[in-house]
> 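Shown below is the structure under consideration.
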Amino acid sequence: MSDTFTIPADEVTGRILVVDDTATNLYILSKLLARSGYEVYQAQDGAAALDMASAHQPSLILLDIMMPGMDGYEVCTRLRAMPETAHIPIIFLSALDSSVDKVLAFSHGAADYVTKPFQPEEVLARVRHQINLQLAQRQQQYLNAELERRVQDRTHQLELAHQQLLEVAMSDRLTRLPNRLSFVKQLGNVMAQAQIEPEQHFAVLFLDCDRFKRINDSLGHRVGDQLLKEIASRLTRIQHSHSTVAIIARFGGDEFALLLTPLADRQAVVLVADEVLTALAKPFALADRKIFMSASLGIVWGDASYAAAEHLLRDADVAMYRAKDCSYSQYLWFEPAMHNRAVHLLQLETDLRLALERRELEIYYQPIVELCGLRIVGFEALVRWRHPTQGLVFPGHFISFAEESGLIVPLGEQVLEMTCADIARWERSGAISPEITVSVNMAAQQLLQPDIVARIHHFVETAGIAPHRLRLELTERSILNNHAFIDGVLRALQHRNIQLSIDDFGTGYSALSYLHTLPVDCLKIDRSFVQPMTARPDSLGIVPLIINIAKTMNMQVIAEGIETITQLRQLQQLGCEYGQGYLFQKAVPADVAIALLKRPLIAWTREASA
Ligand code: C2E
Ligand code: MG
Ligand code: MG
């Protein structure tokens, strides 16, 4: 501590009361002390001494022992008995010089003892000593008090800081709503209460704004923040009109949570959920425009069966995601089956990551056949997962999940790498003629990587294959959603001689006016249009139309999912050039696929259908 402590001036003065029945002594002592700067009070007997002592509170008393009436011992005893004088040090003055007397004096509480006739220097020295002693004591007391005060000060400041920190830690800065921590704490209390009173019910509503990112991306984060604040205040208004809403918290991002308790039945929850969805569906007036928003809600009915707040929140989260999956702007109650699905997805994610690391993916090839000449013109590479316990897993079980989780990007790269390696092997062995192409499916996320053209080029170069062998299959959706960027990518790929097909044609948005400007070589008719085709002309659906579109746009057309001879005949008659389907061959491992090239088509179609 850098500060020094000073004692207030009036605390260090020396006020001395001299008590002696002999006037001469009184006079000499008073003079002696006054000359040394002390303030002196006099008393000639015990009674006067007691009065003066309590009236003036001297710093020290010089007290004669032998006095008529009340002697010094008696005065001393009485002074000690009075609270206001009990602490004043006393120096006894006496002609008595035996050690017995001195001991007696000290046993009465004397601070010191001076024998008469006294030496002025000795008296002064003893007085000074006592005063200094007192001063030191006072200083010590003062110091202690000061320290105590500072400690209290600091403690108070710390408590304030702690309180502020706690507030910061428990609330959301942007909306001033309680935050997740605060919510979990309160939920924990409600859950603990439910353990004691199992009939006490409660519910958690987990809210996530639909497509909030769109607002941030298009109008900027400042507007996004304002919108979140406005959402918070609409939710707070709902809280004010429903006593069951115990707390509303913002969990971060566009996520909010409500805790409802106590509840008699689920109807009370539905009421609040409806009100929340209605409140958020009303337009928000921000940045000089009307913004429309909606939210999805996951609801968990809370009871004593839940052991941890986090479990409950996890379930609410799962229900919320399901609500979003089903349709935007709705609520969904959590059901245990949802949890199983979430656990399954989590496991799938771990497994798929491992699969990529351990390279458990395999490429199967399905022949693409020229429908007139019935000869193989190419293959479609279709990924399979050789799962360590489940055997061969088909893409239907993991591709859409890989797209959701972003794993489609590394997965797609592995597929491309393996396919290029197979093509290179086939080229080297002379197994494929120059016109054979191999199609690889590409997800939208892959195409959106900034360096996608360089990446694809890298795989082609590394394998050392002719770029025209590779045909990338893109879905309509992935092209149309990201128009400008993809357009550039496709042109760059075309420039590098890589071919492009539109997969599952007819199932997307079919913005034909746009499609015909794209550098695409081929349309693939989705099998959902091919499979209903029978001998009856009204079963053809839009297949003839798609074939015509392809021809008008100068594109090739491939029909997918040909399973019957009838479908083949119909497609041939409609002028569809190419096709693939179980009628010819299911997707097979690379070596099996390549062996098909050596045999006449009739032979292997017969084998396949046998
Ligand atoms: P797709 O690209 O439309 O591939 C055609 C799917 O139809 C393949 O299913 C194929 O086995 C199946 N198929 C072919 N002929 C017939 C038939 O006559 N009848 C029936 N019922 N089905 C037929 P698969 O291999 O299960 O692949 C399903 C989808 O998974 C693919 O549809 C594609 O969208 C996706 N996919 C497969 N491999 C990859 C990949 O490496 N990357 C990406 N992004 N997606 C892939
Ligand atoms: Mg495909
Ligand atoms: Mg397809």
Side-chain angles (χ1 to χ4, degrees), residues 352 355-356 359-369 371 376 378-386 392-422 437-449 452 456 459 470-479 499-508 520-533 556-568 570-571 576 578-590 592-593 605 608-609:
L352 201 52
L356 290 172
R359 301 192 69 93
E360 288 168 4
L361 299 182
E362 290 176 14
I363 310 294
Y364 273 44
Y365 294 90
Q366 184 178 36
I368 297 172
V369 174
L371 298 185
I376 295 174
F379 296 96
E380 176 171 6
L382 294 160
V383 69
R384 303 287 182 258
W385 175 6
R386 179 79 53 192
L392 201 64
V393 182
F394 282 73
H397 294 282
F398 60 90
I399 287 290
S400 66
F401 172 74
E403 284 173 350
E404 249 171 63
S405 63
L407 286 172
I408 192 72
V409 173
L411 184 150
E413 292 211 337
Q414 257 185 39
V415 170
L416 195 59
E417 186 194 353
M418 287 190 282
T419 307
C420 288
D422 282 338
T437 61
V438 182
S439 304
V440 177
N441 293 285
M442 275 264 144
Q445 278 150 290
Q446 281 179 274
L447 280 177
L448 286 174
Q449 292 176 99
I452 183 64
I456 294 172
F459 289 117
L470 198 60
R471 189 192 281 261
L472 302 180
E473 291 194 1
L474 324 169
T475 61
E476 262 174 289
R477 217 170 302 236
S478 71
I479 298 173
Q499 303 191 57
L500 303 162
S501 295
I502 294 186
D503 204 357
D504 308 340
F505 188 78
T507 60
V520 174
D521 317 295
C522 170
L523 290 187
K524 293 188 79 173
I525 307 173
D526 192 67
R527 73 163 185 270
S528 59
F529 301 115
V530 174
Q531 292 196 329
M533 291 171 76
Q556 293 179 357
V557 60
I558 302 177
E560 294 182 306
I562 307 173
E563 290 185 355
T564 64
I565 291 285
T566 316
Q567 288 160 357
L568 172 64
Q570 292 281 31
L571 288 162
C576 180
Y578 305 101
Q580 61 188 96
Y582 294 171
L583 173 68
F584 310 116
Q585 181 65 57
K586 286 186 176 176
V588 284
V592 181
T605 42
S609 53

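Order of listing sets the numbers, starting from 1, for every ligand and every atom in it. If you read the sequence from its start, that first residue is 1, and numbering goes on from there.
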> Is ligand 1 under 4.0 Å from a heavy atom in the side chain of I399, in the backbone, in both, or in neither?
side chain
> Is it the case that the side chain of D521 and the backbone of L500 share a donor-acceptor pair, with hydrogens and angles ignored and the cut-off at 3.5 Å?
yes
> Kindly indicate whether the side chain of T419, heavy atoms from C-beta on, has any atom under 4.5 Å from the side chain of Y365.
yes
> Among L382, L583, T475, which one puts a heavy atom closest to atom 8 (C) of ligand 1?
L382
> Between the main-chain N or O of I368 and the side-chain N or O of E380, is there a donor-acceptor pair closer than 3.5 Å?
no
> Checking the side chain of Q449 only, and the main-chain atoms of Q446 only, is there a donor and an acceptor separated by less than 3.5 Å?
yes
> Any non-hydrogen side-chain atom of V438 less than 4.5 Å from a side-chain atom of D422?
no
> For atom 28 (C) of ligand 1, which of P395, S501, S439 has the closest heavy atom?
P395
> Under 4.0 angstrom from ligand 1, any heavy atom of K586?
no
> Taking only heavy atoms of D503 into account, list the atoms of ligand 1 that are under 4.0 Å away from them.
1 (P), 2 (O), 3 (O)
> With heavy atoms under 4.0 Å as the rule, classify the contact between I562 and ligand 1 as side chain, backbone, both or neither.
backbone
> Examine all N, O or S atoms of N441, backbone included, and report whether one is under 2.8 Å from the Mg ion (ligand 2).
yes
> Do any heavy atoms of G412 fall under 4.0 Å from ligand 1?
no
> Within less than 2.8 Å of the Mg ion (ligand 2), any N, O or S from E473?
yes
> Verify the distance test for D504 against the Mg ion (ligand 2): any N/O/S atom under 2.8 Å, yes or no.
no
> Give the name of the N/O/S atom in E380 that lies closest to the Mg ion (ligand 2).
OE2
> Heavy atom to atom 15 (N) of ligand 1, shortest distance: which of R527, Q580, Q366 holds it?
Q366
> Tell me, do N441 and V383 make a side-chain contact under 4.5 Å, heavy atoms counted?
no
> Hey, what do you get for CZ (F584) to CD (Q366), rounding to the nearest 0.5 Å?
9.5 Å
> Below 4.0 Å, non-hydrogen atoms only: which portion of E403 touches ligand 1? Side chain, backbone, both or neither.
neither
> If every non-hydrogen atom of A559 is compared with every non-hydrogen atom of L571, which pair is closest and at what distance?
CB-CD1, 3.6 Å
> Please name the atom of D503, limited to N, O or S, that comes nearest to the Mg ion (ligand 2).
OD2
> Could you list which atoms of ligand 1 come closer than 4.0 Å to a heavy atom of D504?
3 (O)
> Shortest non-hydrogen contact from L416 to F459?
CD2-CD1, 3.6 Å
> Any nitrogen or oxygen of E560, side chain or backbone, less than 3.5 Å from one on ligand 1?
yes
> Between V415 and ligand 1, find which residue part has any heavy-atom pair under 4.0 Å and reply side chain, backbone, both or neither.
side chain
> Which of the numbered atoms in ligand 1 are below 4.0 angstrom from a heavy atom of E563?
17 (C), 18 (O), 19 (N), 20 (C), 21 (N)
> Just to check, does R384 reach to within less than 4.0 Å of ligand 1 when the distance is taken from its heavy atoms?
yes
> Going by the order shown, which atoms of ligand 1 are within less than 4.0 Å of some heavy atom of Q531?
19 (N), 20 (C), 21 (N)
> By number and element, which atoms of ligand 1 are closer than 4.0 Å to a non-hydrogen atom of V383?
38 (N), 39 (C), 40 (C), 41 (O)
> When rounded to the nearest 0.5 angstrom, what distance separates CD1 in I363 from CE in M418?
4.0 Å
> Going from CD on Q531 to CG on D526, what distance comes out if it is rounded to the nearest 0.5 angstrom?
9.0 Å
> Quick one, E563 with R527, criterion side chain to side chain contact (heavy atoms under 4.5 Å, CB included). Give me CA distance, side-chain angles, the key distance, then yes/no.
CA-CA 10 Å; E563 290 185 355; R527 73 163 185 270; 5.5 Å; no
> Taking all atoms of both residues into account, what is the closest heavy-atom pair of R384 and A587, and its distance?
NH2-CB, 3.5 Å
> So is K524 touching ligand 1 or not, going by heavy atoms under 4.0 Å?
no
